[in-house]
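Heads up: the structure comes next, in structure tokens.
Values reported hereafter were calculated over all heavy atoms of this structure, with side chains retained and with hydrogens, waters and symmetry mates removed.
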Amino acid sequence: MKVGFKDDSFAFELVRNLGFVYYGGSDIGELFATAENITEGDFDSWYEGWHARGERVLGRAKEYLSAGHLVSAREALLRASTYFRMAEFYLHGTPDDPRIMADSTASQQTYANAAELMGPTWEPVEIPYEGTTLPGYFYKPDESNEPRPTLIFHGGFDSSLEELYYFAAAAAVRRGYNCLTFDGPGQGMPLRAQKLYFRHDWEKVVTPAVDYLLTRPDVDGDRLALKGMSLGGSLAARAAAFEPRFKAVILYDGVWSLYDSIVKIMGEESATALEDENPDAFNELAQKVMDADTQMRWTFTQGTFSFGQKTAYDFMIECKKMRLDGGILERIQSPTW
């Protein structure tokens, strides 16, 4: 039996979702049984394996619901949501691939159905944002309206709302905190359904979330914390620099510059092409590393997808705006980890 993947990117994504087992978002047996039949580095094989697993577990959830087994149903729905989200993860090189919306919608809906079965402590919310709304969930320890310290938590380069519970909200609620999770531009359904792409001035995304929280009687507005995950560590730092109402900030992890991190992986020749403003040379180099490495193939397809760009070069120019020099970090007033 094959255990996991040799391909670094596939192995990372398997371990990422393996971590959800602790809070019921995946199952060890289901994960490894599915991985066993996926071809290393093959994006279509990855999709087929996880999509089939999602459908199978969703089928079980429907059977449990029909029989009135609500606990088993909600557990299966949470796992199905994870597998549907995993399925579409590597498809973004073709943004109009219908499987992206189909499985993203399936992930969203199965999670929403599970949340409904969890009761009022798992509350779907809509955060007003520039003429539209951003989807979120508000989690709290119990059904009371007692004002509590509240954590705002968002993801980064490739996150979706439905996985954020496992990364932070579950632990926060166990410790007496409320937790608001949400997808911003470039993430989840705002990207897929509304075509809202990443922006560097993330305070314009986080401030509306703070404003929303301050309308709730169950939130202590004097005890707000912000946590950003992955690229969200850079986005949260930027937000905290211009949004002063946080008492604590967690950068998980602290990404100084997405642009620099990619250039350092690619090497000096790519840096020269970017500095010379030579898109043809850079795109040729990017294609070479994409052909040779699964992770880089995913990085550039995810980048063009989530930033709304046509080429690797265009993506790099856009992500160059996401950096923390120029006095940004010095503006943060709250304790920061």
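- Residues that satisfy the side chain to side chain donor-acceptor pair (under 3.5 Å) test with Asp253, not counting sequence neighbours, are absent from this structure.
- Annotation: side chain to side chain donor-acceptor pair (under 3.5 Å) contacts involving residues 63-81, sequence neighbours excluded, comprise Glu30-Arg79, Ser81-Ser107.
- In terms of modelled atom types and a separation under 3.5 Å, the side chain of Asp276 and the main chain of Asn278 share no donor-acceptor contact.
- In this view, Phe307 and Phe198, Phe315 satisfy the ring-ring contact (aromatic ring centres under 6.0 Å, His included) rule, not counting sequence neighbours.
- Residue pairs meeting the ring pair (Phe, Tyr, Trp, His ring centres under 6.0 Å) criterion with at least one member in residues 97-137, sequence neighbours excluded, are Tyr111-Trp122, Tyr111-Tyr137, Trp122-Tyr139, Trp122-Tyr165, Tyr137-Tyr139.
- Side-chain atoms of Thr82 and Tyr166, non-hydrogen and from C-beta on, do get closer than 4.5 Å to each other.
- The backbone N or O of Asp222 sits less than 3.5 Å from a side-chain atom of Asp220, completing a donor-acceptor pair.
- Every salt bridge (Lys or Arg N to Asp or Glu O under 4.0 Å) that Glu123 has, sequence neighbours left out, goes to Arg216.
- Sorted by first and then second residue, the ring pair (Phe, Tyr, Trp, His ring centres under 6.0 Å) pairs involving residues 214-272 (not counting sequence neighbours) form an empty list.
- No more than 12 heavy atoms of other residues, nucleotides or ligands sit less than 6.0 Å from atom CG of Asp8.
- Summarising the hydrophobic clusters (Ile, Leu, Val, Met, Phe, Trp, Tyr; side-chain heavy atoms under 4.5 Å, direct or chained), the residues clustered with Met101 are Met189.
- Using a 4.5 Å heavy-atom threshold, the side chains of Ile38 and Asp42 count as separate.
- In this structure, the separation between CE on Met316 and CG on Leu274 is 5.0 Å, given to the nearest 0.5 Å.
- Here the side chain of Glu146 pairs no donor or acceptor atom with the backbone of Asp218 at under 3.5 angstrom.
- In this structure Asp260 satisfies the salt bridge (Lys or Arg N to Asp or Glu O under 4.0 Å) test together with Arg323, sequence neighbours excluded.
- For residues 128-139, the pairs satisfying salt bridge (charged side-chain N to carboxylate O under 4.0 Å, His left out) are Glu130-Arg199, with sequence neighbours left out.
- Atom OG of residue Ser9 and atom CH2 of residue Trp46 lie 7.5 Å apart, to the nearest 0.5 angstrom.
- Under a 4.5 Å side-chain heavy-atom cut-off, the cluster of Ile, Leu, Val, Met, Phe, Trp and Tyr residues that includes Tyr197 is completed by Tyr47, Leu91, Ile100, Leu191, Phe305.
- From Arg238, atom CZ reaches atom CD1 of Ile328 across 5.0 Å, with rounding to the nearest 0.5 Å.
- Looking at residues two or more places apart in sequence or on another chain, you find no salt bridge (Lys or Arg N to Asp or Glu O under 4.0 Å) involving Arg175.
- Looking at Arg245 and Glu243, a side-chain N of the basic residue comes within less than 4.0 Å of a carboxylate O on the acidic one, giving a salt bridge.
- Within 6.0 Å of the NZ atom in Lys288, the count of heavy atoms belonging to other residues, nucleotides or ligands does not exceed 12.
- Counting heavy atoms from C-beta outward, His154 and Asp183 have side chains that stay 4.5 Å or more apart.
- Here the side chains of Arg85 and Asp103 are not in contact, with every heavy-atom distance at 4.5 Å or above.
- If you take CG on Asp158 and OG on Ser306, they are separated by 8.5 Å, rounding to the nearest 0.5 Å.
- With sequence neighbours excluded, the residues satisfying salt bridge (Lys or Arg N to Asp or Glu O under 4.0 Å) with Glu13 are Arg16.
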